[in-house]
Amino acid sequence: MSRVVVSGLQVALTSSKADVVTDANFTIGSGEIVGLVGESGSGKTTVATAMLGHTRKGAEIVHGSVTIDGVDILGLTGGALRSARGRVISYVPQDPAAALDPCMTVGRHLREAVKAHESTAGIDWAARLAELLQDAGLDDIDGLLDRYPHELSGGQRQRVCIAIAFACKPACVVLDEPTTGLDVTTQAHILASVRRLAKEHDVAMLYVTHDLAVVEDLADRLIVMYAGRIVEQGPVRTVFHNSAHPYSRALMATTPDVRTRLELQPIPGVAPRVGHRPPGCAFADRCSQAADRCREEIPAQVMVGPGHEAACWFAADVTTRRSPLTVRSELVLAHEVPILQAEEIRAGYNGREVVHGTSLSIGRGECLALVGESGSGKTTLARSLIGLSAQVTGRLRLDGEEMPLDIHARSLAQRHALQYVFQSPRSSLNPRRTIFESIEAPLLGAPKSAAADRRERVFEALEQVGLGPSFGPRFPDQLSGGERQRVGIARALVCEPEVLICDEITSALDVSVQAAIIELLEGLQRERGLSVLFVTHNLALVRTIAHRVIVLRAGHVVEEGSAADTLQHPRNEYTQTLIRDTPSIIAPLASGS
Amino acid sequence: MTSAESGLSERTNSISNPVEGSPRRRVVPWWVRRIGGGFLTLFAVSILIFLATQVLPGDAAKSILGRDATPEKLEALRAQLGLNRPALEQYLDWARNFVTGDFGLSLVNNRSVEELLVPRAMNTIALALCAIVIALPLSILLGSISAARRDGPLDQGISVTSLTFNALPEFVIGLGLVVLFATSVMKIFPAVSIFPPEESAFSNPAALVLPAFALVLAISPYLIRLVRASLIDALDSEYVLTARLRGIPERRILVNHALRNSMVPVVHGTALMLAYLAGGIVVIEYVFRFPGLGGLLLEAVSARDLPLIQATALFLAAVYVVVNLIADLLVVRLTPRLRGVGA
Amino acid sequence: MTSAQANAQSEQRPRSAWSVTWRTALRQPRTRVGLVLSGFVIALALFGPLLSRSDPNEFVGAPFIGPSGEALLGTDFLGQDVLQRVLHGGRTLLWMSLTATILGVLIGLAIGMIAGYSRRRVDGSLMWLMDVILAFPQIVLAVVFVSMLGPLPWLIVLVVALTHIPRVARLTRSLTADCVRQEYIEAAEAIATPKSRILIREVLPNLTTPLAVEATIRLAWSVAIIAALSFVGFGVQPPFPDWGLMINENRIGLVVQPWSVLAPVFLVAILAVGVSLVGDGIARAVSGVDERVGQ
């Protein structure tokens, strides 16, 4: 029997009455984990918090019910709602660093959570807290209970949040992207704990994420959301290899995988924003199968299999349900002519060395992936190549010629030959300067460059990244994340570089946008013979884009080789762990077919 | 940042991280370095005072004696002040005397500076304490109400009122009170607070009321806005949201999470206001003829009483340094994240 | 603000952030009230001497006579026409406040930007220097300098500017430090842009709005402190007509002829409050604009 029943849930903006979430219906059984997947703006987080009767400022729950063990949470107010939160249904937040009070110890957090819902007379705190910690996979060595949040690691903090969520044995737990920002190995451990807790405590669990691969192994059932609506739901494996909604298929086709080199197929267009959703199916404009009917009428959820529903007019059409994934041949490139060589690079900041004598070499037209977890020194290494690092020693050769490490000592040609694309689409463009000015800036250093000439080159660069000249006079806040990242690439291209260093350039983007950026990069490599140093923590992406890979750990190279070979047959133990802990969507498809 | 506190930007941003220094040098505890830094500041302040008063005027003796300067008088005064010696020697002498507690003699009546300064300082401290003891709880209360009723009519009212009073020069506030409570409208309190400086201010409570009230009006607006802004920041934080989603009672959230976390800016703000009081008090004391330090400073300046000016200015600057030091120590006590560093 | 409105807005511009901020600020009642109040006093101070029909130092009657047809605001402690003195008494205060504010903000801005973009040591020493100046209460610093060198207008302007410098510098430094952490600064560094160019072309445009707010606060403080200096007798010297000075001179007659005190008091108060209201309006608009960008 379903323990949690969500029905007709509708959340709208208070001011314009525009729907954020429309008519969400789903159930979660006892001990069941339901994955809720969607890209940013799909309304997944809104559903998650609405289950606890909460919406962010400016939005409100206008309709629907969330019934847990017979009680409608949304019908509760005041003290009754307060008492249900944490006791009946609890919440694990996305960012534990911000969600824990910096002035309270772990012990006080836990005690507060218990006190809020239980009479504390005669409670054996020591035993109770120890049990809570143990449940979440922590133990009180080193006086963990007396520590403050800033004294914990990211993984520990999230485990504390999980311990708090389970403190009063709730019937339902909502986890909102709880492993975002954690390394894959930590993520794998947390996911294992979550799975164990759900079964042990017989909890109904909703796991919200943007990462399809994570839910594959974790969840029993999967819900896919798009533009505020549930477009498909059903058993995980069914949705994965028998998906009935074009969006689900498209989403899967944008997701890279560590086990096989997949073709990433960007979804054309962008998702409609709140208040701009069309009268028909919201996906119609981006859908290859769309018919006139799709644009006029919103498709209802139809049953397409046991426990499997989809909201598409063509859902019943079995012929469309082919696997969306296209396997590509492995990248082969002879690493013959090195364009950029770095030898014995030692770099660091604040007097601490984080890269300890690393050497690497990028071939002409090659894409070299530099892989590592946070703290591995990969960004520091990349920055020292571009000349941004203050404390650096070693040797650099560009096209066989010695190149100084200090950016100011390099010639204009050298500076232009090596370009950097930054990570954050938010902060890599100056909010007070137009797109044109930002792209033009690198050209201003050149002596005697005519304004008309510069103008032409800027528009050319915009064209190359798929943006028109109309973007020139705009400001960054008028662009989407993907567009801003394209501008970042255009700013590099305007210099006509030989080597592009891309530092986690897709980590802040949705997978469908990521796929488009990757497509752009691959095109540039093909057409211009551009060499790319692709810095990332995402092994799946490496598999798709890179010829070769270098694995960095604590400032040392632990493994180096062709991408296909290294990811299939890793020799180093650390690389093996990384690959094992990276979630994959291939597994169910392989086992299912 | 929310709306209102941008107006307080200067003060909020002056909140420095007391242990910002590099984490590598752990040989000396951070608080020792902080206190050392305080002394260093005082040292620099003393040089500045010395320069401004004794070196900069060219001939301090001439500027002291003004029109009735005869060559003999000038020579005598120069000798008395040691002006005919090299500047460095003068400074060292002056500083040595200060450190040993010898502040010199007033040029006006030949009484020791210490004798003049101490009772006036006590009065000023009494006045400042009265003001802060009323202003602080009042500000926390009004600021909290404002934050809790954000953008409501009450908040708007408090916001505009505090903005207005914040902008008013102190002497305008002081004169306003005189008009309202001491002369035309109601004659309840004395318009001037004259009493012998040797007497304790607390034995003349009526004389204390209006100046203290004026100071409360001068400093509360800033504190109210500060409390409101930092409480709103805390209430909007993730940890308050998740605490709500955990079913923690609202009262507990307000007191244990929000207020607790918004205290750091308030401590810094209070310190800044205490330091500011040292200046604002000069004008307020002048308005009410209150026998405190401010009045003393203005008298000394009018009479060009060099040793007295130097001592008073140094004392006021020392108040700033000490109060900020205490605030920094307190903030570290309040912030677990800072406590561990360098300890 | 709904996203629909935000969309409509983002589609009809490109406009600079400044003009958006300014328009948003103007939509706030407090900004308008502030503009009217400060505009009135500024106009009065600027054009007052043109409106005045007679010499402000002329004796028109006995001291402290109430308002009459001859002297609309009565006479002061010497028997001079209060209205004439009010009309003449604002210009000095205004130009001194403006000059002191502009000087203080510009120098503070320069120091703050250099400190915020420098390595630890330069930053540390500059800010320590600022702390030393900050240790003096504003009015004390002014009074000490004035007492030694005399109540010269340029000296007062310099000293008041000096007292603003550390406050502006601290704000600018923290804003600059925030800005410098952004990747677009690294992007500029990565193409070997000279430091001065980065500061002027990349950092400065991001400081203008918060500094505009700061400048209004500084202006209100300049007005207050320069008027206060005259009030305590260390500013403009008699017989020059000046609002601050008038307040002090006529205090003894507060009961007999309140207009001689209240007129200048109100003008100083309205100017300070008006300027602050404008600043607060801009501040609110800035935070509103930021919220919209954040969505």
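Letters A, B, ... are given to chains in the order of the sequence lines, protein chains preceding strands, and every chain is numbered from 1.
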Peer 1: So which residue, A/A116, A/A165, A/C161, A/P96, ends up with the most heavy-atom pairs under 4.5 Å with chain B?
Peer 2: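 Winner by heavy-atom pair count: A/A116.
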Peer 1: Would you confirm whether B/R252, through its side chain, and B/H257, through its main-chain N or O, come within 3.5 Å as a donor-acceptor pair?
Peer 2: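 Between the backbone of B/H257 and the side chain of B/R252 there is no qualifying donor-acceptor contact (under 3.5 Å).
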Peer 1: Is a side-chain donor or acceptor of A/T105 paired with a backbone partner of A/R108 at a separation under 3.5 angstrom?
Peer 2: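 Judged by distance alone, yes, a pair lies under 3.5 Å.
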Peer 1: Determine which residues belonging to residues 239-249 of chain B lie within contact range of chain A, meaning some heavy atom pair is under 4.5 Å apart, and list them by number or answer 'none'.
Peer 2: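 The stretch touches chain A at B/Y239, B/L241, B/T242, B/R244, B/L245, B/R246, B/G247, B/I248, B/P249.
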Peer 1: Among A/P102, A/P93, A/S90, single out the residue with the greatest number of heavy-atom pairs under 4.5 Å to chain B.
Peer 2: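 Between A/P102, A/P93, A/S90, the count favours A/P102.
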Peer 1: Where the side chain of A/R159 meets the backbone of A/A136, is there a donor-acceptor pair that is under 3.5 Å apart?
Peer 2: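 It does hold such a pair.
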Peer 1: Using modelled atom types and a 3.5 Å cut-off, is there a donor and acceptor pairing between side-chain atoms of A/R157 and backbone atoms of A/P149?
Peer 2: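 The answer is yes, because a donor-acceptor pair under 3.5 Å joins these two groups.
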Peer 1: Test your reading of the model: is there a side-chain donor-acceptor pair from A/S424 to the backbone of A/R426, 3.5 Å cut-off?
Peer 2: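 Such a contact is found between A/S424 side chain and A/R426 backbone.
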Peer 1: Sort by residue number and list every residue of residues 73-87 of chain A having at least one heavy atom under 4.5 Å from chain B.
Peer 2: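 The residues closer than 4.5 Å to chain B, in numerical order, are A/R82, A/R85, A/G86.
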Peer 1: With the side chain counted from C-beta on, respond yes when B/T161 and B/I224 share a heavy-atom pair under 4.5 Å apart, and no when they do not.
Peer 2: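 No, every pair of side-chain atoms sits at 4.5 Å or beyond.
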Peer 1: Strictly distance-based, threshold 3.5 Å: is any side-chain N or O of A/T49 a donor or acceptor partner for the main-chain N or O of A/H54?
Peer 2: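 Answer holds: yes.
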Peer 1: Can you check whether A/A167's main-chain N or O pairs, donor with acceptor, with A/R128's side chain at less than 3.5 Å?
Peer 2: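 Yes, the answer is positive, given that a donor and an acceptor are paired below the 3.5 Å cut-off.
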Peer 1: Going through the distances and angles, do A/D95 and A/T180 end up as a side chain to side chain contact (heavy atoms under 4.5 Å, CB included)?
Peer 2: CA-CA 8 Å; A/D95 180 4; A/T180 312; over 6 Å; no
Peer 1: Report yes or no: does B/N166 contribute a side-chain atom to a donor-acceptor pair with the main-chain N or O of B/S162 at less than 3.5 Å?
Peer 2: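 No, the answer is negative, given that no donor and acceptor are paired below the 3.5 Å cut-off.
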